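Since the structure comes first, as structure tokens, the remarks are kept for the end.
Treat the numbers as computed from the prediction; the structure is a model and nothing was measured.
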Amino acid sequence: MAPTITLARSTPARSELHAILMCSDDVEDRPHDLDWDVLDSRGFEAKVGQTMIVSGSGRPTAVVGVGSRDGVDTAAVRRAGAGLARAAKRVERASVSGLVELPDGIDRAAAAQALAEGIVLGAYQFTDLKTDPEPHRLQSVAVVATGGKKVQAALDVGAAVGEATCAARDLVNRPGGELTPPVLARAASTMAKKAGLKVEVMDLAAIKRAKLGGVLGVNRGSTQQPRFVQITYQPKGRRTGFLALVGKGITFDAGGLSIKNSQGMMTMKCDMAGAAAVIAAMSALPAVAPTAKVVAYLPMTDNMLGGDASRPGDVLTIRNGKTVEVLNTDAEGRLILADALSVASAAKPDAIVDLATLTGACMVALGKKVAGLMGNHDGWIDQVRAAAD
């Protein structure tokens with residue numbers, strides 16, 4: 001359960017831990033009621049996200065770094081929020097101040113949104129399957145700042161985005177034997193309906209009627225039936241565009257007849273992370289309130305080795321009528337995405353973003369911490385990259 005985040009005019013009396021955001025070059029302005037001999041001896045330099053707890057007047061104080069004053073941005077504030085949440089894991093109620101003292105160049109609402117997002121992400125745990133879990137105890141954080149409704153609204157958006165990210169993490173962390181395509185589809189439907197979005201779920205019969213040959217071909221080796229989910233967000237007021245989101249939903253990838261080795265399968269419960277990210281993004285849209293229409297297209301199946309699994313050399317007919325010869329059944333992602341992209345393209349969106357754990361070659365090229373971005377329109381690629389940054 002994510003902590004609730006509210007705006008406060010002063011530090012609540014019930015706060016068990018108070019945090020202070022601090023720039024690394026604010027040496028002369030640092031609070032005098034803290035034991036700086038201890039902080040200095042422990043190497044506190046107010047680097048971004050660096051957090052230390054010391055005794056304070058009435059309650060412990062967590063000093064959280066946001067880096068040098070001329071380099072503070074929303075990313076630094078988000079990391080500071082995460083540092084605060086980790087430091088507060090043993091208390092139920094915490095508070096934080098310092099937004100007002102941030103450099104003039106950073107927008108206060110944007111900083112508040114980033115702070116709330118960081119707090120929610122930093123408090124995240126996945127303990128559902130542990131024998132003796134030690135859950136994060138943090139239930140609420142009071143942000144001591146001015147700004148009224150505008151800042152509170154920013155905190156709400158940040159919390160919603162953080163909670164959506166955590167929901168995606170929960171889905172990705174679920175074992176493939178538990179999170180089957182029907183289960184993932186139900187989770188998507190539940191999240192969408194809770195957010196007030198329109199959702200359509202296609203079962204096996206509907207997928208056959210829609211002639212989604214890529215999904216059907218990959219699903220042939222599985223005892224679990226596939227699903228195809230479509231989620232729609234309609235903005236209030238005048239619409240400024242139409243964006244399609246496509247997410248790869250392979251709930252477990254054994255490689256099909258072109259079977260992976262055991263090491264290669266270790267993280268293949270994560271092969272639906274593209275779909276999870278899209279589902280989560282859709283659930284956050286009512287809070288973010290973009291003016292564009294957004295529709296998600298989510299093909300879901302696993303890739304197994306049943307008695308009638310697709311063979312190398314089989315030819316599949318994709319939704320748009322194109323035929324594809326399968327030479328390696330472990331290249332399944334592009335097959336189900338071809339169907340989804342065909343359905344999305346038929347709706348004539350202004351642009352499409354396709355999210356997928358598509359190939360290990362990307363990690364060979366870029367490593368595990370950098371996402372690959374490709375497309376057929378340089379301007380759109382630049383927009384997506386700027387949003388990601």
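- More than 12 heavy atoms of other residues, nucleotides or ligands sit less than 6.0 Å from atom CG of Asp40.
- No continuous path of ILVMFWY side-chain contacts below 4.5 Å connects Met202 to Met191, so the two sit in separate hydrophobic clusters.
- We find the CD-CD distance between Gln125 and Glu134 to be 8.5 Å, quoted to the nearest 0.5 Å.
- If you check the side chains of Ser95 and His18, you find a donor sitting under 3.5 Å from an acceptor.
- Shown here are the side-chain hydrogen bond (donor to acceptor under 3.5 Å, both in side chains) partners of Asp128, two or more places apart in sequence or in another chain: Arg174.
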How far apart are the C-alpha atoms of Val343 and Leu212, what are their side-chain angles, what is the distance that settles it, and do they pass the side chain to side chain contact (heavy atoms under 4.5 Å, CB included) test?
CA-CA 9 Å; Val343 176; Leu212 305 185; 4.0 Å; yes
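- Contact check for Gln113 versus Thr74: no side-chain heavy atoms found under the 4.5 Å cut-off.
- Of the candidates Lys260, Arg220, Lys248, Lys248 is the only one forming a salt bridge (Lys or Arg N to Asp or Glu O under 4.0 Å) with Glu332.
- Residues Ala287 and Val157 approach most closely at O-CG2, 3.5 Å, considering heavy atoms.
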Kindly indicate, with the supporting measurements, whether the criterion side chain to side chain contact (heavy atoms under 4.5 Å, CB included) is fulfilled by Leu184 and Arg227.
CA-CA 9 Å; Leu184 179 57; Arg227 293 291 185 267; over 6 Å; no
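- Remark: Asn173 CG to Thr127 OG1 distance equals 10.5 Å, nearest 0.5 Å.
- Residues Asp25 and Ser68 have side chains that never bring a donor and an acceptor to within less than 3.5 angstrom of each other.
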Going through the checks in order, is the side chain to side chain contact (heavy atoms under 4.5 Å, CB included) test met by Ile250 and Thr301?
CA-CA 5 Å; Ile250 296 292; Thr301 180; 3.8 Å; yes
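- Distance CG/Asp350 to CH2/Trp380: 9.0 Å, rounded to 0.5 Å.
- Nearest heavy atom pair, residue Pro3 against residue Ala123, reads CD-CB, 4.0 Å.
- Taking CG of Leu335 as the reference point, atom CG of Leu216 lies at 11.5 Å (rounded to 0.5 Å).
- Atom CD1 of Ile336 and atom CG of Leu316 lie 12.5 Å apart (nearest 0.5 Å).
- A side-chain hydrogen bond (donor to acceptor under 3.5 Å, both in side chains) with Ser258 holds for exactly one of Asp330, Thr329, Asn303; it is Thr329.
- Here the closest heavy-atom approach between residue Ala277 and residue Leu355 is recorded as CB-CD1, 4.1 Å.
- Side-chain contact, Asp170 with Tyr124: a donor N or O sits under 3.5 Å from an acceptor N or O.
- Note: the hydrophobic cluster containing Ile352 also contains Val295 (ILVMFWY, side chain heavy atoms under 4.5 Å, direct or indirect links).
- Lys149 places none of its side-chain heavy atoms less than 4.5 Å from the side chain of Leu7.
- We find the CZ-CZ distance between Arg93 and Arg137 to be 9.0 Å, quoted to the nearest 0.5 Å.
- Heavy-atom minimum distance, Pro286 versus Ser283: CD-O, 3.6 Å.
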Please test Leu21 against Val96 for side chain to side chain contact (heavy atoms under 4.5 Å, CB included), starting from the C-alpha separation and ending with a verdict.
CA-CA 7 Å; Leu21 304 182; Val96 56; 4.1 Å; yes
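- When all heavy atoms of Ala275 and Gly249 are compared, the pair lying nearest together is CB-CA, 3.7 Å.
- Between Ser24 and Glu45, every side-chain heavy-atom pair lies at or beyond the 4.5 Å cut-off.
- For Pro12 against Arg59, the heavy-atom pair with the smallest separation is O-NH2, 3.2 Å.
- Within the structure, salt bridge (Lys or Arg N to Asp or Glu O under 4.0 Å) contacts touching residues 234-244 (residues at least two apart or in different chains) do not occur.
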Check the pair Thr251 / Asp302 against side chain to side chain donor-acceptor pair (under 3.5 Å), numbers first and verdict last.
CA-CA 5 Å; Thr251 57; Asp302 49 9; 4.5 Å; no
